Enquirer: 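The structure follows.
As the structure lists them, so they are numbered: ligands from 1, and atoms in each ligand from 1. All of these numbers come straight from a predicted model, not from anything done at the bench.
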Amino acid sequence: MKIPMSSNLNKINFCIIGKPNSGKSTLFNCLLEDSISPVGDKYGLTKNLFKDKFTMYSHDFTIFDTPGLRRKSKIDDLDEKKRNKEVIKIINQVDVVILLIDSVENITKQDFRLADLAITKKKIIFFLFNKMDLIDEGKKFKTKIDKYLINNYSQYQMINTDFISAKKNIRIKSFIKEIISKNKLVNIEITKTNLNKFLNYLNKQSKYPKIKKREIKPKYIVQIKTGTPLFKVFINSKKKAPLIFQRFFDNAFRNFFKIKGVPISYQFISSSNPYSN
Ligand SMILES: Nc1nc2c(ncn2[C@@H]2O[C@H](COP(=O)(O)OP(=O)(O)OP(=O)(O)O)[C@@H](O)[C@H]2O)c(=O)[nH]1
Ligand SMILES: [Mg+2]
């Protein structure tokens, strides 16, 4: 039996993080249809957390605007260090992390580091490209970005991308719909029948990673939780599931069930008798 969901599906908490000037406060105000958080060209304008609520598509959202994050090496100000710590704390508290990127600038290593952190904490994460009104050929830009991420970010399967203009209120509502749909996906329940179909599919592929010439295979899968779905995966090995197998399994699983951009947890269970079955 699966443990019931702890959180209410119609309540979603999210925070907007990212470099100074990327437009976090503009997006915050746009969603709240009010000028709550100060906005402007001055670098590092927001110095405190702003929190507020809004309702859209019958969902209650709690949203945090955060101070812009700079690279650690660039910071010598104690207050800024403290603010950075607060932002990291907020990531722990929310369901969804919005990493806001100025489309006119490049994605930075810091952006990837923040994304890695959110992924480790099992959050839904969006790379949200803002200021699309300043981009001439939007379609080409999106294709270029997705290609870039596929080639340069190994965790591409774990993230979502979207493209908006906070200032011009473009694609904001469809972005909120995306958040709602990903939040639903976190509560996915996969039936035993479908888990078995997946195992059969894998067996037909017969491309399992090998350790010392022996293939590591899953023997049985069971879902034990929703709301960050958790699956127990029993494998045909006495040893702990090697990382290469864990990656292979996650990839195949996500492709088969079409789960992109939401966290999944697995417990890989080694068997006492790997040669049975
Ligand atoms: N053209 C354009 N400008 C934008 C957009 N969103 C924000 N801006 C501008 O970008 C500048 C910075 O916006 P803010 O919302 O203050 O940025 P922030 O990320 O909150 O910045 P910090 O608080 O310093 O971290 C302002 O001049 C905004 O008007 C957008 O979609 N298009
Ligand atoms: Mg701000």
Enquirer: Looking only at protein heavy atoms, which one is nearest to atom 13 (O) of ligand 1, and what is the separation?
Expert: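 The answer is Thr26 OG1, 3.5 Å.
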Enquirer: Is it true that Lys19 and Glu105 have a side-chain N and a carboxylate O under 4.0 angstrom from each other?
Expert: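 A salt bridge is present here (some side-chain N lies under 4.0 Å from a carboxylate O).
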Enquirer: On the ring face of Tyr156, is Lys260 found with NZ or CZ under 6.0 Å from the centre and within 45° of the axis?
Expert: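 Ring-cation test returns yes.
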Enquirer: Among protein heavy atoms, which lies nearest atom 24 (O) of ligand 1, and at what distance?
Expert: Leu45 N, 2.7 Å
Enquirer: Which protein heavy atom lies closest to atom 25 (O) of ligand 1, and at what distance to 0.1 Å?
Expert: Lys24 NZ, 2.8 Å
Enquirer: Just which atoms of ligand 1 are under 4.0 Å from any heavy atom in Gly68?
Expert: 25 (O)
Enquirer: Nearest protein heavy atom to atom 30 (C) of ligand 1, by residue and atom, and its distance?
Expert: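 Protein heavy atom at minimum distance: Lys167 CB, 3.3 Å.
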Enquirer: Do any of the N/O/S atoms of Ser25, backbone or side chain, fall under 2.8 Å from the Mg ion (ligand 2)?
Expert: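 Yes, within the cut-off.
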Enquirer: For atom 23 (O) of ligand 1, what is the nearest protein heavy atom, given as residue, atom name and distance?
Expert: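 Minimum-distance protein heavy atom for atom 23 (O) of ligand 1 reads Thr46 OG1, 2.6 Å.
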Enquirer: With heavy atoms of Asp133 as the reference, note each atom of ligand 1 found under 4.0 Å away.
Expert: 1 (N), 2 (C), 30 (C), 31 (O), 32 (N)
Enquirer: Considering only the protein, which heavy-atom contact is closest to atom 17 (O) of ligand 1, and what is its distance?
Expert: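 Among all protein heavy atoms, the one nearest atom 17 (O) of ligand 1 is Gly23 N, 3.1 Å.
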Enquirer: I'd like to know if Asp102 and Lys131 make a salt bridge, using a cut-off of under 4.0 Å between side-chain N and carboxylate O.
Expert: yes
Enquirer: Check whether any N or O atom of Ala166, backbone or side chain, sits under 3.5 Å from an N or O atom of ligand 1, and answer yes or no.
Expert: yes
Enquirer: Would you say Asp60 and Thr55 are linked by a side-chain donor-acceptor pair, where the criterion is simply a distance under 3.5 Å?
Expert: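 Note: Thr55 and Asp60 side chains meet the donor-acceptor criterion.
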Enquirer: State whether the side chain of Thr120 and the backbone N or O of Asp116 hold a donor-acceptor pair below 3.5 Å, judged by distance alone.
Expert: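 Present.
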Enquirer: Does any N or O of ligand 1 fall below 3.5 Å from an N or O anywhere on Ile164, backbone included?
Expert: no
Enquirer: For Phe249 together with Phe198, are the ring centres under 6.0 Å from each other?
Expert: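 Yes, ring centres under 6.0 Å apart.
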Enquirer: What protein heavy atom is closest to atom 6 (N) of ligand 1, reported as residue, atom name and distance in Å?
Expert: Asn130 ND2, 3.2 Å
Enquirer: I'd like to know: is the Mg ion (ligand 2) within the 2.8 Å range of an N/O/S atom from Thr46, strictly under that distance?
Expert: yes
Enquirer: Under 30°, 30 to 60°, or over 60°: which ring-plane class applies to Phe234 and Tyr220, parallel, tilted or perpendicular?
Expert: tilted
Enquirer: Out of all atoms in ligand 1, which are within 4.0 Å of some heavy atom of Leu134? Include the element for each.
Expert: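 Every atom of ligand 1 under 4.0 Å from some heavy atom of Leu134: 1 (N).
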Enquirer: Give the numbers and elements of all ligand 1 atoms closer than 4.0 Å to a heavy atom of Gly44.
Expert: 24 (O)
Enquirer: Would you mind running through ligand 1 and noting each atom that sits below 4.0 Å from a heavy atom of Ser165?
Expert: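 What qualifies from ligand 1 is 30 (C), 31 (O), 32 (N).
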Enquirer: Do Ile90 and Ile17 have side chains that approach each other closer than 4.5 Å (heavy atoms only, starting at C-beta)?
Expert: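 With C-beta onward as the side chain, the pair stays apart.
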Enquirer: State yes or no: are the ring centers of Phe268 and Phe245 separated by less than 6.0 Å?
Expert: yes
Enquirer: Find all atoms of ligand 1 within a distance of less than 4.0 Å from any non-hydrogen atom belonging to Asp41, and give their numbers and elements.
Expert: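 Once the distances to Asp41 are compared, the set is 11 (C), 26 (C), 27 (O).
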Enquirer: Could you check atom 10 (O) of ligand 1 against the protein and tell me its nearest heavy-atom contact, residue, atom and distance included?
Expert: Lys131 NZ, 3.1 Å
Enquirer: Regarding Arg254 and Asp250, does a basic nitrogen lie under 4.0 Å from an acidic carboxylate oxygen?
Expert: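 Here Arg254 pairs with Asp250 in a salt bridge, since their nearest N and O are under 4.0 Å apart.
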Enquirer: What class does the angle between the rings of Phe112 and Tyr153 fall in, given that below 30° is parallel, 30 to 60° is tilted and above 60° is perpendicular?
Expert: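 Rings of Phe112 and Tyr153: parallel, as their planes differ by under 30°.
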